[in-house]
Number of protein chains: 2
Amino acid sequence: MTTPAQGLHSHVLATLGLAITAGEYPPGTVLRTDELAQRFDVSRTVVREVVRVLESMHLVESRRRVGVTVLPTASWNVYDPQVIRWRLAGADRPRQLRSLTVLRSAVEPVAAGLAALNATPEQCRELTEQALGMVATSRGRRLEEYLVHDIAFHRVVLVASGNEMFARLGDVVAEVLAGRTHHHVMFEDPDPAAVTLHVQVAEAVRERDAARAEELTRQIAVGALQELDVLAP
Amino acid sequence: MTTPAQGLHSHVLATLGLAITAGEYPPGTVLRTDELAQRFDVSRTVVREVVRVLESMHLVESRRRVGVTVLPTASWNVYDPQVIRWRLAGADRPRQLRSLTVLRSAVEPVAAGLAALNATPEQCRELTEQALGMVATSRGRRLEEYLVHDIAFHRVVLVASGNEMFARLGDVVAEVLAGRTHHHVMFEDPDPAAVTLHVQVAEAVRERDAARAEELTRQIAVGALQELDVLAP
DNA sequence: GTGACTCAAAAGTCGTACTTTTAATTCCCG
DNA sequence: CGGGAATTAAAAGTACGACTTTTGAGTCAC
């Protein structure tokens, strides 16, 4: 565990970040830098750099004469991809998966609508290609290959929307899709209805039919939420 | 400028972060830690800590034998409240304001729908109160007071949705609302139609009418986008 | 009991010395 | 003349120790 470490900093950061997001240190817990330095067998310099990063993610707060205090979940930067990855890897994967899926259900339909208005011909082509790839790999336990197309598809939609905030959710969506595939929060083969919907979204975008792209994507989202309800209690 | 600085770290971070997000260093620009230390008249230790934080925001990348390279906008953590604040304060406020408003238009309607299902009686009360506050301050150049209620209103909706990802957008929405008020990307008095819509959203939530709450919030969002189109070219 | 004073713990800052990685240059051989 | 291997040096990474600053907490006088 705790990553092989190419760089002391990364190693300590990953270990501490994971531990905190996993709730191993309840909010209010106080850590001391030299204690941490000793524990990880690194210099205080390294620990301080890690603490500064953790602080920028609002996972901890550092105060003189007090120490490094672990902050409550409510103040965490939950949009930080790093934080998301830690949480998906740790104890509250279910909770995280659910809240991210709800977020997707809000954002992706709107993004698809915008993509229908803004997508370049190249993006349309790419979208169609990925949708076909999904069809091709949708049967026969080829989940890994399917996942690649699925991720690529959603990423293109988000980028094609032309909104940078949406585009940056590509990584988050990728994490969610990968997470649910790898942790079996998904049926053995993808839902055929979902596959069809993806193909239709690609069509709608190609035909510049924003309303249809939005509505179809909304249906995909609803499906994803239902699947989550069924497979993750 | 450059903040009074309570702490060297904060000062250097704020200055550098602002400069980078303002585009003062084009992507690919290489900085050296010693040079920065000299420029800010602080030790390399401080600079290194700052660089680590900037690195965690994906504003820069640090490589041995190369230096600290400024990364292109596309890789920035645009959801980091700190980054958002810097960008709103700097050169690309218009772009940032627009993309954030689009994000709001996707998220808030869904959040309102969920709020209608999940809001506590206390949250309903709070919502109504803020809506009434908006009505009371909607005329006679009382924009500052209006803003307070507006922010509080949207924050309650997001929190009441019960989704932590939505809840954490409260700060972002606050920044957007404050930004457009303070930089006159808004009419002199709030749009009366918008005020009414807020009151109706509060009603809909109180009556657990999710579909209506969602639709009304969508109308608020559409209004905000139109206002932006009119006032920010 | 309250307020001013003192103390000490912990983070913050600094300077320097040393290690490691790696881009770039050199140099040798085919 | 070209390409690949060895060399070099530049910059980040790490460590350590000394010192400063802030501030919670305990103390003492009133």
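When reading the values below, keep in mind they use all heavy atoms of this one structure, side chains included, and skip hydrogens, waters and symmetry mates.
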Check your understanding: Which nucleotide in the set C:dA11, C:dA17, D:dA15 lies at the smallest distance from any side-chain heavy atom of A:T45?
Key -> D:dA15
Check your understanding: For A:R63, which contact category applies under a 4.0 Å heavy-atom criterion: base, sugar-phosphate, or nothing?
Key -> sugar-phosphate
Exercise for review: Find the distance B:D41:CG to C:dG12:P and express it as a whole number of Å.
Suggested key: 20 Å
Practice item. Could you list by number each residue of residues 47-62 of chain B showing a heavy-atom separation from DNA chain D of less than 4.0 Å, or answer none if no residue does? Key: B:R48, B:R52, B:S62
Check your understanding: Within less than 4.0 Å of OP1 or OP2 of C:dA10, is there a side-chain N or O belonging to A:R32?
Key -> yes
Exercise for review: Say whether A:S62 and A:E55, considering side chains only, have a donor N or O and an acceptor N or O under 3.5 Å apart.
Suggested key: no
Check your understanding: Which word best sums up how the rings of B:Y79 and A:Y79 line up, parallel for under 30°, tilted for 30 to 60°, or perpendicular for over 60°?
Key -> parallel
**Study point:** Rounded interatomic separation in angstrom, taking CG from A:L8 and P from D:dG13
**Key:** 11 Å
**Study point:** Interatomic distance, B:D34 CG vs C:dA17 C1' [rounded to whole Å]
**Key:** 14 Å
Review point. Per the atom types in the model, does the base of D:dT14 pair as donor or acceptor with the side chain of A:R44 at under 3.5 Å?
Key: no
Review point. What is the distance from CZ of B:F40 to C1' of C:dC14, rounded to the nearest Å?
Key: 18 Å
Review point. Hey, mind stepping through A:D34 and A:R44 against salt bridge (Lys or Arg N to Asp or Glu O under 4.0 Å) and telling me if it holds?
Key: CA-CA 6 Å; A:D34 30 13; A:R44 204 163 66 97; 5.6 Å; no
Revision key, fill the gap. Atom CZ of A:R64 and atom C1' of D:dC19 are separated, to the nearest Å, by 12 Å
**Study point:** Separation of atom CG in A:L13 from atom C1' in D:dG13, rounded to whole Å
**Key:** 15 Å
**Study point:** Given D:dA12, C:dT13, D:dA15, the nucleotide with the shortest approach to the side chain of A:V42
**Key:** D:dA15
Check your understanding: If you take atom types as modelled and just measure distance, does the side chain of B:R65 reach the base of C:dA23 with a donor-acceptor pair under 3.5 Å?
Key -> yes
Review point. Going through the checks in order, is the salt bridge (Lys or Arg N to Asp or Glu O under 4.0 Å) test met by B:E164 and B:R168?
Key: CA-CA 6 Å; B:E164 58 167 356; B:R168 287 297 284 160; over 6 Å; no
Check your understanding: Considering heavy-atom distances to DNA chain D, does B:L31 or A:V46 have its closest nucleotide positioned more toward the 5' end?
Key -> B:L31
Point to revise | Between CZ on residue A:R63 and OG1 on residue A:T69, distance to nearest 0.5 Å | key: 7.0 Å
Review point. Is the number of heavy atoms from other residues, nucleotides or ligands within 6.0 Å of CD (B:E35) greater than 12?
Key: yes
Practice item. Using side-chain contact (heavy atoms from CB on, under 4.5 Å) as the criterion, point out the one residue from A:L16, A:L8, A:V46 that pairs with A:F40. Key: A:L16
